[in-house]
Amino acid sequence: MKTNRELTALITGSSRGIGKAIAVELASYGISIILNYIDSDDEAAGLSQEMHNNGRNVLAIKADVADRSQVKLMVARTVEEFGKIDILVNNAGITLDKTIKNLSYSDWDSVLSVNLTGVFNVTKEVLPHMIPLGRGCIINISSVIGQTGAVGQSNYSASKAGVIGFSKSCALEVARYGITVNAICPGYVETDMLKAVPADVLDKIKQRIPLRRFARPEEIAKLVRFLATDGDYITGQCININGGVFTG
Ligand code: NAP
């Protein structure tokens, strides 16, 4: 039986928002953390220092998940430092919201490259290190928008629907190695990502949520923590955490 202290988790996009909350939550269970980010040097350094001061084992690595060579270096550096990766949380994601009429090819490519190809890139690089362990846990952060679609979010919705399909296929491929793979589909969560949405639109969205509020990042993090530490028999699932906004 492994103690949490011996577990290592790589969390992409963990300088801010949901990823940061996941890092803090997993670290509070004694899990060693690799923080990943692309731009926020100060936030990543600050969080890393704060976690370190609290006695956590943490390493921050700047890498673009859409860039295969940077992902390769990030995973190599992680394994060099911690010897293994037990938990992978593919959380990094972006939005570039426009109706299809106004969406450029580069808007499409950017979102798909980070949100979907990024999940593939990191998973592909991590799996050869996880398989020999005979266990492991991969959690991919999708979105309710990948299940319902939304006006102005065709690129984002397609990327997040892709994450669900990828997670299910990956789960079937790696179950024989004792590795679980699940997608989490949050509804609307109070992070910088939501700040990009106009206030009047946010009000309308909130009225459609049965629980009448947005989620806190910490609520998503608790679900991730449960899957990572107690979800041994849960795999191939798409788990909704959305305040009731989609019940399918
Ligand atoms: P956020 O606050 O905007 O944070 C995004 C994080 O991803 C940051 O740490 C950012 O790093 C990192 N990132 C962006 N592009 C990256 C790249 N190419 N390579 C590596 N890291 C990158 O977003 P969030 O709201 O926490 O969202 C986290 C995940 O949850 C995303 O996958 C998102 O689609 C999903 N989600 C969010 C909501 C919501 O309502 N917020 C709902 C459902 C699903 P920097 O700080 O360096 O930029």
Side-chain angles (χ1 to χ4, degrees), residues 10-25 33-48 60-75 78 88-97 109-123 125 139-150 153 155-164 166-167 183-197 201-202 205-206 208-209 213-221 223-224 238-243 245-246:
L10 168 59
I11 305 149
T12 68
S14 43
S15 47
R16 297 182 281 125
I18 296 170
K20 174 180 176 180
I22 294 169
V24 170
E25 174 75 13
I33 302 295
I34 297 92
L35 299 173
N36 157 254
Y37 67 102
I38 183 166
D39 284 323
S40 305
D41 297 310
D42 292 347
E43 282 85 348
L47 177 60
S48 175
I61 304 180
K62 181 173 185 158
D64 179 355
V65 296
D67 182 317
R68 285 178 189 146
S69 55
Q70 292 185 33
V71 168
K72 217 176 182 46
L73 287 173
M74 170 172 71
V75 172
T78 300
L88 167 63
V89 186
N90 281 306
N91 165 81
I94 57 169
T95 50
L96 271 171
D97 296 350
D109 288 344
S110 300
V111 169
L112 269 289
S113 302
V114 176
N115 295 9
L116 182 57
T117 308
V119 172
F120 168 70
N121 290 344
V122 184
T123 304
E125 208 55 51
I139 298 162
N140 298 323
I141 307 298
S142 177
S143 166
V144 68
I145 303 301
Q147 299 169 301
T148 63
Q153 293 202 293
N155 51 354
Y156 184 75
S157 177
S159 71
K160 293 300 184 180
V163 167
I164 296 171
F166 176 78
S167 304
I184 289 181
C185 292
Y188 299 86
V189 189
E190 282 169 347
T191 69
D192 292 344
M193 190 173 271
L194 222 55
K195 287 185 189 148
V197 182
V201 177
L202 283 183
I205 292 171
K206 204 181 273 183
R208 290 204 326 263
I209 302 171
R213 66 173 179 86
F214 301 127
R216 293 183 294 276
E218 293 73 20
E219 293 175 307
I220 313 304
L223 175 56
V224 170
C238 172
I239 301 162
N240 297 337
I241 174 162
N242 63 26
V245 77
F246 173 69

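All residue numbers refer to positions in the sequence shown, counting from 1. Read the numbers this way: they start at 1 and go in the same order the structure lists the ligands and their atoms.
- For ligand 1, the protein residues within 4.0 angstrom (heavy atoms only) are G13, S14, S15, R16, G17, I18, N36, Y37, I38, D39, S40, A63, D64, V65, N91, A92, G93, I94, V114, I141, S142, S143, Y156, K160, P186, G187, Y188, V189, T191, D192, M193, L194.
- For the pair S143 (side chain) and C185 (backbone), a donor-acceptor distance under 3.5 Å is absent.
- Sorted by first and then second residue, the salt bridge (charged side-chain N to carboxylate O under 4.0 Å, His left out) pairs with a member in residues 13-22 read R16-D192; sequence neighbours excluded.
- Between the side chain of N121 and the main chain of V65, a donor-acceptor pair closer than 3.5 Å is present.
- Counted by atom type alone, N240 and Q147 present one or more donor-acceptor pairs between their side chains at under 3.5 Å.
- Between the side chain of N36 and the main chain of A63, a donor-acceptor pair closer than 3.5 Å is present.
- Put simply, the side chain of N115 gets close to the backbone of I94: a donor and an acceptor are under 3.5 Å apart.
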